[in-house]
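Each chain gets a letter, A, B and so on, in the order its sequence line appears, and its residues count up from 1. Side chains included, hydrogens not; waters and symmetry mates left out as well; all remaining heavy atoms used.
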Number of protein chains: 2
Amino acid sequence: MARPQKYERDKVIGAAQTLFWEKGYQATSIIDLQSATALKPGSLYKAFGNKDGLLKAVLNNYTDTTLLYIDSLVEEQMSVKTLLEVFFKRQVDRACDKNTKGCLLVNSLLEFHGQHLHLETEVKKQLQRVQKRFETLVEQGVMSGEFDKEVDASEKATAIMTVVWGLGVMSRMNPEEAHLQAFCDTYLSSFSQ
Amino acid sequence: MARPQKYERDKVIGAAQTLFWEKGYQATSIIDLQSATALKPGSLYKAFGNKDGLLKAVLNNYTDTTLLYIDSLVEEQMSVKTLLEVFFKRQVDRACDKNTKGCLLVNSLLEFHGQHLHLETEVKKQLQRVQKRFETLVEQGVMSGEFDKEVDASEKATAIMTVVWGLGVMSRMNPEEAHLQAFCDTYLSSFSQ
DNA sequence: AAAGTTATTGAATGAACACTCAATAAAATA
DNA sequence: TATTTTATTGAGTGTTCATTCAATAACTTT
């Protein structure tokens, strides 16, 4: 009954994610997005409302990807502690990759500190989704007997996120892989006390 | 022989620091700076060259303050481990302060990721100054016998910065003070192995 | 093929921005 | 007091930006 959409929404979000991740939100102009997505401003605004709306779609997609990765580890039936080792290992690898762009959520959180309150709230929401996922994992570890009953899942989830975000910032500093790995090992070695 | 300067450079830098810290670099306009410093654009540009130059002066001043704080702890003749406990405690307090602005260096590092290469380099330089200071402290701890001879000062300095930056990001998430403190305690409890 | 509906286009808009510079003011020196 | 030197002023410049919208295109249904 009408003219059909020519673009695929997921591809547009993917292209925008690459740009926001590489350059940051403020430094990415609509013209940049227009080139990367092959959509004229009018179509972009029809699809996402405005630049903020596009970022929100990107942030949601980014978090989904992270959670899906964690789900894929859970499906391999490893212990929670092993899962954390694997997850940290990946963060270390990423942090030491010469072309790393860090974590999009952490980058965004700090870019919007103070200003852009609406976007800051959105980023926090996505970060909480990840933190909650870890909290659930630790709870399951306690229930299964892998961890002591005294282990506070909320506390541990906060600690895990602090480590991950520390790695996320460190990724911008050309760190030595062995140093970061040693740090993660040290932290995990005293995890369940 | 000429008209004297009316403003004090340090006060201008201090006012600019407050703004950059609260709003970030890109979201702070010259007009904002004009209001905060009571200097017209012409004077600002004569004094600092451009907006970048002003930020560099601010970053340098900020790092100086941090290093002076560490020096003040050193002068109290405490052990290196106690010094780290005190330093981490302050970071935790700051991270949980409702009005926290995080760490200006971390905020800036992530704001300039990818873009603004010249400024990113400048921020890294300042962060390295802090990291080097911790490396020296750990070296002294090894030499004085406080830590094992096998302790790698560079590795430990990287780890310390990762913790501090993790706290810096966490500060934007309204974290529970007890959780962050527990995290620091856990990390420090296994510091010298 | 005509009518109806929605998608795409891209030039235009107005606001905000970093930065400049000619004019002016305030001091020191002679 | 006249001259010299440097600081301050703030309107002006050219650019870039997010966003809009009237015109047009593409498809379905009748």
Side-chain angles (χ1 to χ4, degrees), chain A residues 1-13 15-59 108 111-112 114-120 122-123, chain B residues 1-13 15-59 108 111-112 114-120 122-123:
Chain A
M1 193 138 93
R3 180 174 178 174
Q5 270 186 20
K6 208 163 122 199
Y7 61 89
E8 295 168 51
R9 192 181 167 90
D10 286 351
K11 282 194 182 169
V12 171
I13 291 175
Q17 177 171 311
T18 302
L19 267 183
F20 285 142
W21 205 351
E22 270 173 3
K23 311 180 59 162
Y25 175 77
Q26 298 176 86
T28 302
S29 70
I30 299 291
I31 294 176
D32 294 333
L33 291 164
Q34 185 178 336
S35 311
T37 63
L39 286 188
K40 306 294 171 195
S43 294
L44 276 175
Y45 278 79
K46 176 163 260 246
F48 299 99
N50 55 20
K51 199 182 164 190
D52 290 11
L54 179 52
L55 181 78
K56 284 182 190 175
V58 164
L59 293 176
S108 303
E111 182 170 356
F112 302 140
Q115 299 292 108
H116 311 274
L117 287 185
H118 199 247
L119 292 175
E120 190 183 11
E122 182 67 22
V123 178
Chain B
M1 189 133 100
R3 180 174 177 175
Q5 271 185 20
K6 209 164 125 199
Y7 63 88
E8 295 168 52
R9 192 178 168 92
D10 286 351
K11 282 194 181 168
V12 171
I13 291 175
Q17 176 170 312
T18 302
L19 268 184
F20 285 141
W21 204 351
E22 271 173 1
K23 311 181 58 164
Y25 175 77
Q26 298 176 86
T28 302
S29 71
I30 298 290
I31 293 176
D32 293 333
L33 291 163
Q34 184 178 337
S35 310
T37 62
L39 286 188
K40 305 295 170 191
S43 294
L44 275 176
Y45 279 80
K46 174 163 261 248
F48 298 98
N50 54 21
K51 200 182 164 190
D52 290 11
L54 179 53
L55 180 77
K56 284 183 190 175
V58 165
L59 292 176
S108 303
E111 181 169 357
F112 301 141
Q115 300 291 107
H116 311 277
L117 287 184
H118 199 245
L119 291 174
E120 189 183 12
E122 182 67 21
V123 178

Separation of A:H116 NE2 from A:E122 CD (nearest 0.5 Å):
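One finds 15.0 Å between CD of A:E122 and NE2 of A:H116.
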Apply side-chain contact (heavy atoms from CB on, under 4.5 Å) to residues A:V58 and A:W21 and explain how you reach the verdict.
CA-CA 10 Å; A:V58 164; A:W21 205 351; over 6 Å; no
Roughly, in whole Å, what's the span from [atom1] in [X] to [atom2] in [N]?
{"X": "A:I30", "N": "C:dG10", "atom1": "CD1", "atom2": "P", "result": "17 Å"}
{"X": "A:I31", "N": "D:dT19", "atom1": "CD1", "atom2": "P", "result": "13 Å"}
{"X": "A:D52", "N": "D:dA18", "atom1": "CG", "atom2": "P", "result": "11 Å"}
{"X": "A:K40", "N": "D:dA23", "atom1": "NZ", "atom2": "P", "result": "20 Å"}
{"X": "B:Q34", "N": "C:dA18", "atom1": "CD", "atom2": "P", "result": "11 Å"}
{"X": "B:F48", "N": "D:dA7", "atom1": "CZ", "atom2": "C1'", "result": "14 Å"}
{"X": "A:L33", "N": "D:dT19", "atom1": "CG", "atom2": "P", "result": "11 Å"}
{"X": "A:Q115", "N": "C:dA16", "atom1": "CD", "atom2": "P", "result": "14 Å"}

What is the ring orientation for A:Y25 with A:F112, classed by angle as parallel under 30°, tilted 30 to 60°, or perpendicular over 60°?
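Geometry flag for A:F112 against A:Y25: perpendicular rings.
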Categorize B:S29 for me: base, sugar-phosphate, or nothing, with a 4.0 angstrom heavy-atom threshold over every strand shown.
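Since only primed, P, OP1 and OP2 atoms lie under 4.0 Å of B:S29, the category is sugar-phosphate.
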Heavy atoms from C-beta onward define the side chain here; which of [options] lies closest to that of [X]?
{"X": "B:R3", "options": "D:dA18, D:dA11, C:dA26", "value": "C:dA26"}
{"X": "A:Q5", "options": "D:dG10, D:dT19, C:dT8", "value": "C:dT8"}
{"X": "B:P4", "options": "D:dA11, C:dA27, C:dT9", "value": "C:dA27"}
{"X": "A:S43", "options": "D:dT8, D:dT19, C:dT9", "value": "C:dT9"}

Do the non-hydrogen side-chain atoms of B:K56 and B:L119 ever get within less than 4.5 Å of each other?
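The answer is yes; the side chains approach within 4.5 Å.
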Please compare A:A38 and B:Q26 by the position of their nearest nucleotide in DNA chain C and report the one closer to 5'.
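The 5'-side residue here is A:A38.
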Quick one: on DNA chain C, does A:P41 or B:G42 contact a more 5' nucleotide (nearest heavy atom)?
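Checking each residue's closest nucleotide, the 5'-ward one belongs to A:P41.
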With respect to the phosphate group of D:dA7, does any side-chain polar atom (N or O) of B:K46 fall under 4.0 Å of OP1 or OP2?
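Checking B:K46 against D:dA7: at least one side-chain N or O falls below 4.0 Å of OP1 or OP2.
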If a pair satisfies salt bridge (Lys or Arg N to Asp or Glu O under 4.0 Å) and one of its residues is in residues 31-49 of chain B, list it, with sequence neighbours excluded.
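For residues 31-49 of chain B: B:K23-B:D32.
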